[in-house]
Colleague: 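Sharing a structure with you now.
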Amino acid sequence: MAWVILFLAGLFEVAWAVGLKSTAGFTKFWPSLVTLAFMAASVFLLGLAVRDLPVGTAYAVWTGIGAIGTVIFGILVLGEPRHAIRLVCLALIAAGIIGLKVTSA
């Protein structure tokens with residue numbers, strides 16, 4: 001169950017990272033409020049996950065999910081570059097996440 005919670009925390013991290021763009025530097029009230037709520041949910045769920053998972057593993061996986069998800073969102077929705085080297089780097093991050101999952105309890 002801790003891994004599911006951690007995955008959800010990672011998805012909330014993607015949501016707040018993407019939401020930052022719409023806050024205009026936290027000058028727009030509603031987008032800022034929603035983004036802050038996603039931040040709080042992400043950190044709260046991470047805190048729940050580290051009850052049962054090693055903190056280093058959980059943090060690395062959390063940030064990895066956030067990084068991969070945010071880059072993929074940027075490519076698919078925002079039209080950001082999809083150069084081969086970026087995709088290779090994403091694959092390396094994914095390999096690291098999988099490696100940490102496989103070697104953790």
Colleague: Measure the spacing between NZ of Lys28 and OG1 of Thr35 and express it to the nearest 0.5 Å.
Modeller: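 The OG1 atom of Thr35 is 11.0 Å from NZ of Lys28, to the nearest 0.5 Å.
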Colleague: Tell me the closest heavy-atom pair linking Leu100 and Ala60, and the distance in Å.
Modeller: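 Residues Leu100 and Ala60, closest heavy atoms: CD1-CB, 3.6 Å.
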Colleague: Does one hydrophobic cluster hold both Leu90 and Leu92, with members joined at side-chain heavy-atom distances below 4.5 Å?
Modeller: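 They do not share one cluster, since no chain of ILVMFWY contacts under 4.5 Å joins Leu90 to Leu92.
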Colleague: Once you round to the nearest 0.5 Å, how far does CD of Glu80 lie from CD1 of Ile72?
Modeller: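 Going from the CD atom of Glu80 to the CD1 atom of Ile72 covers 12.0 Å.
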Colleague: Using every non-hydrogen atom in the two residues, find where Ile65 and Leu11 come nearest and quote the distance to one decimal.
Modeller: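 Where Ile65 meets Leu11 most closely, the heavy atoms are CG2-N, 4.1 Å.
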Colleague: Search all heavy atoms of Ser22 against all heavy atoms of Pro31 and return the closest pair with its distance.
Modeller: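 Minimum heavy-atom separation between Ser22 and Pro31: O-CB, 3.5 Å.
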Colleague: Mind checking whether Ile97 and Ile68 have side chains closer than 4.5 Å, heavy atoms only?
Modeller: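 Yes. Closest side-chain heavy atoms under 4.5 Å.
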Colleague: Applying the 4.5 Å side-chain criterion to the ILVMFWY set and letting contacts propagate, would Met1 and Val55 be lumped into a single cluster?
Modeller: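 Yes, same cluster.
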Colleague: Please report the interatomic distance CG(Leu46) to CD(Glu13), rounded to the nearest 0.5 Å.
Modeller: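 Interatomic distance, Leu46 CG to Glu13 CD, rounded to 0.5 Å: 8.5 Å.
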Colleague: Give, for atom CG of Leu36 and atom OG1 of Thr23, the distance between the pair rounded to the nearest 0.5 Å.
Modeller: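 Interatomic distance, Leu36 CG to Thr23 OG1, rounded to 0.5 Å: 8.5 Å.
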Colleague: Hey, what else clusters with Leu33 if you join Ile, Leu, Val, Met, Phe, Trp, Tyr whenever side-chain heavy atoms sit under 4.5 Å?
Modeller: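 Same cluster as Leu33: Phe29, Trp30.
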Colleague: So if you build clusters from Ile, Leu, Val, Met, Phe, Trp, Tyr with side-chain heavy-atom gaps below 4.5 Å, do Leu76 and Val71 land together?
Modeller: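 Yes: a chain of side-chain contacts under 4.5 Å links Leu76 to Val71.
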Colleague: Would you name the heavy atoms of Leu45 and Ala9 that are closest together and state the gap between them?
Modeller: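 In terms of heavy atoms, the two residues are closest at CB-CB, 3.6 Å.
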Colleague: If you take all heavy atoms of Ser104 and Thr57, which pair is closest and at what distance?
Modeller: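 Where Ser104 meets Thr57 most closely, the heavy atoms are OG-CG2, 3.2 Å.
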Colleague: Just wondering, do Val18 and Lys21 contact through their side chains at under 4.5 Å, heavy atoms?
Modeller: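 Side-chain contact under 4.5 Å: no.
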Colleague: Is it true that the side chains of Trp62 and Ser42 contain a donor and an acceptor less than 3.5 Å apart?
Modeller: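 There is such a pair between these side chains.
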Colleague: Write down the atom of Leu53, the atom of Ala2, and the distance for their closest heavy-atom approach.
Modeller: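 Closest approach of Leu53 to Ala2, heavy atoms only: CG-CB, 3.8 Å.
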Colleague: State the CG-CZ distance between Leu20 and Phe38, to the nearest 0.5 angstrom.
Modeller: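 Reported value, rounded in 0.5 Å steps: 11.5 Å.
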Colleague: What distance separates Ile98 CD1 from Ile93 CD1, expressed to the nearest 0.5 Å?
Modeller: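 If I round to the nearest 0.5 Å, the distance is 12.0 Å.
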Colleague: Are more than 12 heavy atoms from other residues, nucleotides or ligands located less than 6.0 Å from atom CZ of Phe44?
Modeller: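 Atom CZ in Phe44 is not packed in, count stays at 12 or less.
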